[in-house]
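Just so it is clear: chains get the letters A, B, ... in the order the sequence lines come, proteins before strands, and each one is counted from 1. These numbers come from the heavy atoms of this one structure, side chains and all, not from hydrogens, waters or symmetry mates.
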There are 2 protein chains.
Amino acid sequence: MRKGLTIGEFATVSHLSVRTLRRYHEAGLLEPATVDPHTSYRYYRPDQIATAQVIHRLRELDVPLAEVKALLATDDPQERAGLISGHLRRLEAELDRTRAAVGSLRRLLQPEAAALEVQLRSVPARTVAAIRDRVRREDALVWFDGAMTELDAAFPPAGRDGPPGGQYANELFTEGAGAMTVFRPVRHPSARGRIEVVELPPVELAVTVHPGSHDDIDVTYGRLGSWVVAQALGVDGPVHETYLVGPRDTADAGQWRTELGWPVFRLGGDPRPGETRS
Amino acid sequence: MRKGLTIGEFATVSHLSVRTLRRYHEAGLLEPATVDPHTSYRYYRPDQIATAQVIHRLRELDVPLAEVKALLATDDPQERAGLISGHLRRLEAELDRTRAAVGSLRRLLQPEAAALEVQLRSVPARTVAAIRDRVRREDALVWFDGAMTELDAAFPPAGRDGPPGGQYANELFTEGAGAMTVFRPVRHPSARGRIEVVELPPVELAVTVHPGSHDDIDVTYGRLGSWVVAQALGVDGPVHETYLVGPRDTADAGQWRTELGWPVFRLGGDPRPGETRS
DNA sequence: CTCGACCCTCCCGCCGGGGGAGGGTCGAGA
DNA sequence: TCTCGACCCTCCCCCGGCGGGAGGGTCGAG
C-alpha cells in the first residue's frame with residue numbers, strides 16, 4: 001500500500017531538489033502529508049504540488065523562507081496580496097538602487113572630472129526646526145522623505161530662512177544604522193509632531209558642492225575626505241548636507257546642488273572638548 | 001609622524017565598514033598602503049579612496065569579490081569594460097527571470113483554471129536530427145536557442161517532418177544540471193556540426209498541452225504529474241516537449257502551444273528493462 | 001603614567017542551500 | 001525468502017559576504 005509520493009518522486013514532479021524539500025519540511029514550510037514514525041520517511045500527497053509551486057515562485061523572487069511561511073499560514077487573500085505587493089515594492093526599490101549604482105559606476109570610470117573646490121568655513125550656532133531619529137540605512141531614503149515633507153508642511157515658504165539641511169552620523173554609512181537629523185532654518189521655530197527646536201552647535205567645516213543626482217554623492221564625500229586629509233586635518237562628527245537645489249525644487253536631478261560639509265579639526269589639536277570623536 | 005589613515009579613518013571617508021575593509025585586505029582586493037610589521041596596524045593612503053569607491057559600486061551590483069579583484073588587476077580598459085558589461089548582462093537576465101516569476105506568481109494565485117486534459121499515448125521509435133549536451137540550468141535557455149538555431153539552419157523548412165521537440169532529464173530541474181536534447185524530425189537525417197542522428201526509443205507518455213509563455217510551464221508539469229499519480233502511474237525518465245507553436249513561429253507568447261509528455265509506467269509493473277528509474 | 005579609544009586576530013552566526021559520510025529501508029526479481 | 005541496488009534517513013561541513021563579540025595589544029592626549 002502506497003502512503004503517498006516519496007520525497008524523490010515529489011521532487012521530480014515539483015521541480016524542487018530533495019534537499020530543498022527536506023529543508024522546507026524542517027522550516028515548517030511544507031510539511032509532508034505523513035512521516036513514517038519508524039523510518040522517518042517523508043510521504044507527500046499530490047495536492048501538495050500546488051503549494052510547492054507557490055513556494056518555488058516566491059523563492060525565485062528571493063522572498064525569505066520565514067516570509068513565505070507567514071504567507072502560507074494566512075488564508076486571508078487580502079493579507080496575502082499585501083505581503084506580496086510589499087515584497088514587490090522592495091524588489092522595485094532594489095532595482096532602483098541597482099540602476100543608480102550602474103550609472104554611478106559609469107561616471108566613476110570616466111576620466112576624472114575637474115578638481116574639487118573646497119573651502120574651510122566656521123559655521124556659527126543656529127537654532128532650527130529639526131526631526132531626529134536613529135535610522136537603518138535601508139530606511140534612510142524613506143525616512144528622509146517623510147521627515148522633510150513634515151517640515152515643509154509645518155513651515156510654509158514665508159516662514160523659512162534658507163535651504164534645508166541634514167546631519168548624518170558616519171555610522172549610518174559605515175555600519176548598518178545611525179542618527180539622522182533633517183532641519184530647516186525658520187524664522188519662528190516651534191515644536192510640533194516629530195519636530196523639535198534644536199540648537200545646532202558651531203562647527204568648523206570643510207565644504208564643497210556636489211552637483212547632480214545623489215547617486216554618486218559618496219564619491220564626492222571621498223574626494224572631500226581626501227582633501228581634508230591632504231590638509232593635515234582630521235575628520236570628525238556627523239557629515240552636514242545643505243540642499244541648495246534639491247528634489248523639492250526641480251525634478252531634473254542634473255540641476256541639483258548639494259553642499260557637503262565635513263567637520264574637521266587640526267591634528268594634534270583639540271577635537272572640540274565635550275565631544276568624542278566618533 | 002602619521003603613516004597614513006588608520007582603518008577607522010579610512011572607513012569613515014570611504015563609507016565602508018572597518019570589518020569590510022579588513023575583509024578586502026584579506027581577499028587581496030584593497031591592500032593597505034603599509035602594514036606595521038610589529039602591530040599589524042593597517043594604514044591607508046588618501047588616493048586609495050578612489051579604489052574603495054569603485055569596489056563599493058561593484059559590490060552594490062553584487063559583483064563577487066573574486067571578480068572585482070580580477071577587474072582591478074587589469075589595466076586594459078577594454079577588458080575592464082568587457083567584464084563589467086558581462087556582469088550587467090547577467091543582471092539583465094536576472095531581471096527577466098524576476099519579471100517572469102512575478103507574472104507566473106500572479107497567475108498562480110488566480111482561482112484555478114480549467115481542468116487539465118491529459119491523454120496517454122504510445123510513441124513509437126523515431127529517427128531524428130538532434131543536439132545533446134549536459135547543461136547547467138542557468139545556461140539552459142541560451143543553450144536551447146543556440147542548438148535550435150543550428151538545427152533550423154541545417155534543415156530548411158522543406159526537409160522538416162513535424163514540429164521540433166526536446167527531452168530534458170529531471171535532474172536538470174531538481175539538481176543544478178542535467179542532459180538536454182533538442183531535436184527535429186526530418187526527412188533525411190544527417191550529422192554535421194553538433195548535430196547527430198539519433199533514434200529516440202519508443203515510450204509511453206502522459207501528454208498535455210501547455211498554452212502560452214514558458215514562464216509557468218512547471219506549473220503545468222506539476223498538474224500533469226499530479227494527474228499521473230492519481231492514475232496510479234509512476235513518472236520516469238526525461239520529460240518530453242514538443243513545440244507545436246513556439247517562439248520561432250510567433251513572437252506573441254500568448255499563442256504558444258507546447259506539448260508536455262512525461263514517461264509513465266504502471267506501478268508494480270516493469271519500468272522498461274534496461275533503463276534505470278532516474 | 002593613565003586611560004579610553006582604537007586596533008588586532010580568532011571564532012561563531014546568518015541565509016539557502018550543495019556535497020558527502022555513514023547507515024537504514026524498500027521492493028522487484030530469482 | 002533472500003538479495004541487491006536504488007532510495008531514504010540524519011549529521012556535519014562548505015560557500016559568500018559580511019556582522020557580533022571575545023580577548024588582548026597599541027596609540028596618543030592630558
I need the R80(B) CZ to L109(A) CG distance, nearest 0.5 Å.
7.0 Å
Sorted by chain and number, sequence neighbours left out, ring pair (Phe, Tyr, Trp, His ring centres under 6.0 Å) with H15(B) holds for F173(A), Y221(A)
Figure out the CD/C1' separation between E171(B) and dG19(C), and round it to whole Å.
16 Å
Bend angle of the helix from dC1(C)-dG30(D) to dA30(C)-dT1(D), end axes from five pairs each (to 10°):
20°
Within 6.0 Å of CG in L141(A), more than 12 heavy atoms from elsewhere
no
Residues in residues 91-102 of chain B with a heavy atom under 4.0 Å of DNA chain C, by number, are none
Round to the nearest Å and state the distance from R23(B) atom CZ to dC15(D) atom P.
11 Å
Please enumerate all residues that pass side-chain hydrogen bond (donor to acceptor under 3.5 Å, both in side chains) together with Y41(B), with sequence neighbours excluded.
none
F144(A) meets the ring pair (Phe, Tyr, Trp, His ring centres under 6.0 Å) criterion, sequence neighbours left out, with Y243(A)
Could you tell me how far apart F265(B) (CZ) and dG27(C) (C1') are, to the nearest whole angstrom?
12 Å
Categorize Y43(B) for me: base, sugar-phosphate, or nothing, with a 4.0 angstrom heavy-atom threshold over every strand shown.
nothing
Please list, by residue number, the residues of residues 53-63 of chain A whose heavy atoms come closer than 4.0 Å to an atom of DNA chain D; answer none if no residue qualifies.
none
What nucleotide among dG17(D), dT9(C), dC7(C) has an atom nearest to a side-chain atom of T6(B)?
dC7(C)
Protein proximity profile, nucleotides 19-25 of chain D - base contact B, sugar-phosphate-only contact S, no contact -, cut-off 4.0 Å on heavy atoms:
BBB---B
Figure out the CD/P separation between E9(A) and dA6(D), and round it to whole Å.
16 Å
Which residues share a side-chain hydrogen bond (donor to acceptor under 3.5 Å, both in side chains) with S122(B), sequence neighbours left out:
E204(B)
With no hydrogens and no angle check, is any side-chain donor or acceptor of S85(B) less than 3.5 Å from a backbone partner on G82(B)?
yes
With the side chain counted from C-beta on, respond yes when L72(B) and I55(B) share a heavy-atom pair under 4.5 Å apart, and no when they do not.
yes
Counting neighbours of CG on L95(A) that are heavy atoms of other residues, nucleotides or ligands and sit closer than 6.0 Å, is the number greater than 12?
yes
Within residues 44-57 of chain B or reaching into it, pairs that qualify as salt bridge (charged side-chain N to carboxylate O under 4.0 Å, His left out) - sequence neighbours excluded:
D218(A)-R57(B), R45(B)-D47(B), R57(B)-E60(B)
Where at least one partner belongs to residues 28-41 of chain B, residue pairs that pass salt bridge (charged side-chain N to carboxylate O under 4.0 Å, His left out), sequence neighbours excluded:
K3(B)-D36(B)
Could you state the atom-to-atom distance from CG of L21(A) to C1' of dC9(D) in whole Å?
14 Å
Does anything in residues 85-96 of chain A pair up under salt bridge (charged side-chain N to carboxylate O under 4.0 Å, His left out), and if so which pairs, sequence neighbours excluded?
E67(A)-R90(A), D96(A)-R99(A)
Can you tell me how far CZ of R223(A) sits from CD of Q53(B), rounded to the nearest 0.5 angstrom?
10.0 Å
To the nearest angstrom, how far is Y24(B) atom OH from dG16(D) atom P?
14 Å
Just how far, in rounded Å, is P of dC15(D) from CD of E26(B)?
12 Å
Nearest-Å distance, CG (D36(A)) to P (dT25(C))?
9 Å
Got a sec, which residues hit side-chain contact (heavy atoms from CB on, under 4.5 Å) with R136(A), two or more places apart in sequence or on another chain?
E138(A), D139(A), A177(A)
